[in-house]
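Everything on this sheet refers to the single structure shown next.
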Amino acid sequence: MKFKDKVALVTGAGCGIGKAIALAFAREGAKVVVNDVDAGAIETTVAEIAKLGGQGLGIAADVSQAKEVKDMFARTMKKFGTLDILVNNAGIARSTDEVLKRGDACIQELMTSGRMTTSVEATRNMTDEAWDRVLAVHLNGTFYCTREALNIMEDRGSGKIINMASIAGIVGLPGSPDYSAAKGAIIAFTKSVAREVISRGVYVNAIAPGWIDTPLLTNMLTPTFRFVAVTQTPIGRMGTPEEVAAVAMFLASEDSSFIVGQVICPSGGAYG
Ligand SMILES: NC(=O)c1ccc[n+]([C@@H]2O[C@H](COP(=O)([O-])OP(=O)(O)OC[C@H]3O[C@@H](n4cnc5c(N)ncnc54)[C@H](O)[C@@H]3O)[C@@H](O)[C@H]2O)c1
């Protein structure tokens, strides 16, 4: 077992990619702190970890709230006494019905006339609240959890931090300026912190997946957009959460001992 007796904390581990990562760690012997805002989803993941013969600790907390994050790390330390691995995975994506409708119209226009003259008008219509929430969950959440983790890992001289970015943060996803900005910032944050803390034996890297079939996409994609997303993915399909979890396992293991501040794209060849 690759992670026997290691302690891993995974945010947003109630479903999708985070859940797949939590289960993968448990299969390899790690004790897993399962964080999410959805208490019911936490329970399911913790129950599945138990079925695998693993040990899971569920903690409901909103990663965009510094105090809740602080308390979560305190509970983790109380229960397990240390933290070896942090995966900053929690995330949200939102699109309004209008943007989705205009997106479909843009794709239609592109497919019939070969060029696009309309816009999804996502940025000009975005509210402060929508912008702030996406940045708060992704970017502030990643910062708050990283800060707490470094207070443990820098002092003990080892640790692995894995940040979930996206190809949206590299190429920009039209219609999702908030999400793309947050993911781009997470990539820059990863590179900066990685160079800061590797001297203390703490590894920081990012994963920037392409299209992965999870509940997140129901808020982001119409059937037409989903079709286009697949056609723009050279491998010809969306990825699975388990295919992203495999990259997280690599970055959390000793196999990645010379990988610092990098962004790895499990994307089926899309963009990155
Ligand atoms: N699905 C994709 O195509 C894709 C592609 C690239 C990157 N990602 C990123 O991967 C990560 C996981 O996405 P997913 O597709 O599994 O999404 P998902 O919606 O299936 O799961 C996200 C989980 O995060 C939890 N969450 C949301 N806000 C939270 C908060 N404030 N605090 C704690 N937990 C919170 C949700 O309850 C949910 O369980 C996200 O950061 C996402 O941006 C996803």
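For clarity, every value in this text was computed on a predicted model and none was experimentally measured. Order of listing sets the numbers, starting from 1, for every ligand and every atom in it.
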Which protein non-hydrogen atom lies closest to [atom], naming both residue and atom, and how far is it?
| atom | result |
| --- | --- |
| atom 29 (C) of ligand 1 | Val37 CG2, 3.7 Å |
| atom 24 (O) of ligand 1 | Gly12 CA, 3.4 Å |
| atom 27 (C) of ligand 1 | Gly91 O, 3.5 Å |
| atom 42 (C) of ligand 1 | Tyr179 OH, 3.4 Å |
| atom 15 (O) of ligand 1 | Thr214 OG1, 2.5 Å |
| atom 41 (O) of ligand 1 | Asn89 O, 2.7 Å |
| atom 4 (C) of ligand 1 | Gly210 O, 4.0 Å |
| atom 10 (O) of ligand 1 | Met164 CG, 3.3 Å |

Audit row: Phe225, Met220, side chain to side chain contact (heavy atoms under 4.5 Å, CB included) steps and yes/no: CA-CA 9 Å; Phe225 196 165; Met220 266 182 129; over 6 Å; no
Salt bridge present between Lys67 and Asp71 (N-O < 4.0 angstrom):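 Here Lys67 pairs with Asp71 in a salt bridge, since their nearest N and O are under 4.0 Å apart.
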Under-4.0 Å salt bridge between Lys191 and Glu196: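 Glu196 and Lys191: not salt-bridged.
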Does ligand 1 have any atom sitting under 4.0 Å from a heavy atom of [X]?
| X | value |
| --- | --- |
| Leu217 | yes |
| Pro215 | yes |
| Lys183 | yes |
| Glu68 | no |
| Gln65 | no |
| Pro241 | no |
| Ala61 | yes |

Mode of [X] contact toward ligand 1 - side chain, backbone, both, neither (heavy atoms, under 4.0 Å):
| X | answer |
| --- | --- |
| Met238 | neither |
| His138 | side chain |
| Val244 | neither |
| Ala165 | backbone |

Quick one: does [X] get an N or O within less than 3.5 Å of an N or O on ligand 1?
| X | result |
| --- | --- |
| Asp38 | no |
| Trp211 | no |
| Asp36 | yes |
| Ile212 | yes |

Quiz question: by atom type and distance under 3.5 Å, do the side chains of [X] and [Y] form a donor-acceptor pair?
| X | Y | answer |
| --- | --- | --- |
| Ser158 | Arg156 | yes |
| Ser256 | Lys160 | yes |
| Thr118 | Arg102 | no |
| Tyr271 | Gln232 | yes |

Non-neighbouring partners of Asn163 that pass side chain to side chain donor-acceptor pair (under 3.5 Å), sequence neighbours left out: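 Partners of Asn163 under the side chain to side chain donor-acceptor pair (under 3.5 Å) test: Asn88, Thr190.
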Glu43, CD atom: more than 12 neighbouring heavy atoms under 6.0 Å: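 No - once you tally the heavy atoms of other residues, nucleotides and ligands closer than 6.0 Å, there are 12 at most.
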Show which atoms of ligand 1 fall inside a sub-4.0 Å distance from at least one heavy-atom site of [X].
| X | value |
| --- | --- |
| Arg133 | 31 (N) |
| Cys15 | 18 (P), 20 (O), 21 (O), 38 (C), 39 (O) |
| Ala90 | 24 (O), 33 (C), 34 (N), 35 (C), 41 (O) |
| Val137 | 28 (N), 31 (N) |
| Gly16 | 16 (O), 20 (O) |

Do [X] side-chain atoms and [Y] backbone N/O form a donor-acceptor pair below 3.5 Å?
| X | Y | value |
| --- | --- | --- |
| Glu28 | Lys2 | yes |
| Thr112 | Glu109 | yes |
| Thr45 | Ala13 | yes |
| Asn205 | Gly261 | yes |

Stepwise side chain to side chain contact (heavy atoms under 4.5 Å, CB included) test for Thr76 and Glu148: CA-CA 11 Å; Thr76 299; Glu148 297 304 324; over 6 Å; no
Beyond-backbone contact of Val99 with Glu121, side-chain heavy atoms, under 4.5 angstrom: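 Val99 does not reach Glu121 side chain to side chain.
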Closest to atom 16 (O) of ligand 1 (judged by heavy-atom distance), picking from Val87, Ile17, Val63, Ile92: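 Minimum heavy-atom distance to atom 16 (O) of ligand 1 goes to Ile17.
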Partners meeting ring-ring contact (aromatic ring centres under 6.0 Å, His included) with Tyr179 (sequence neighbours left out):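 Per chain and number, Tyr179 pairs via ring-ring contact (aromatic ring centres under 6.0 Å, His included) with His138.
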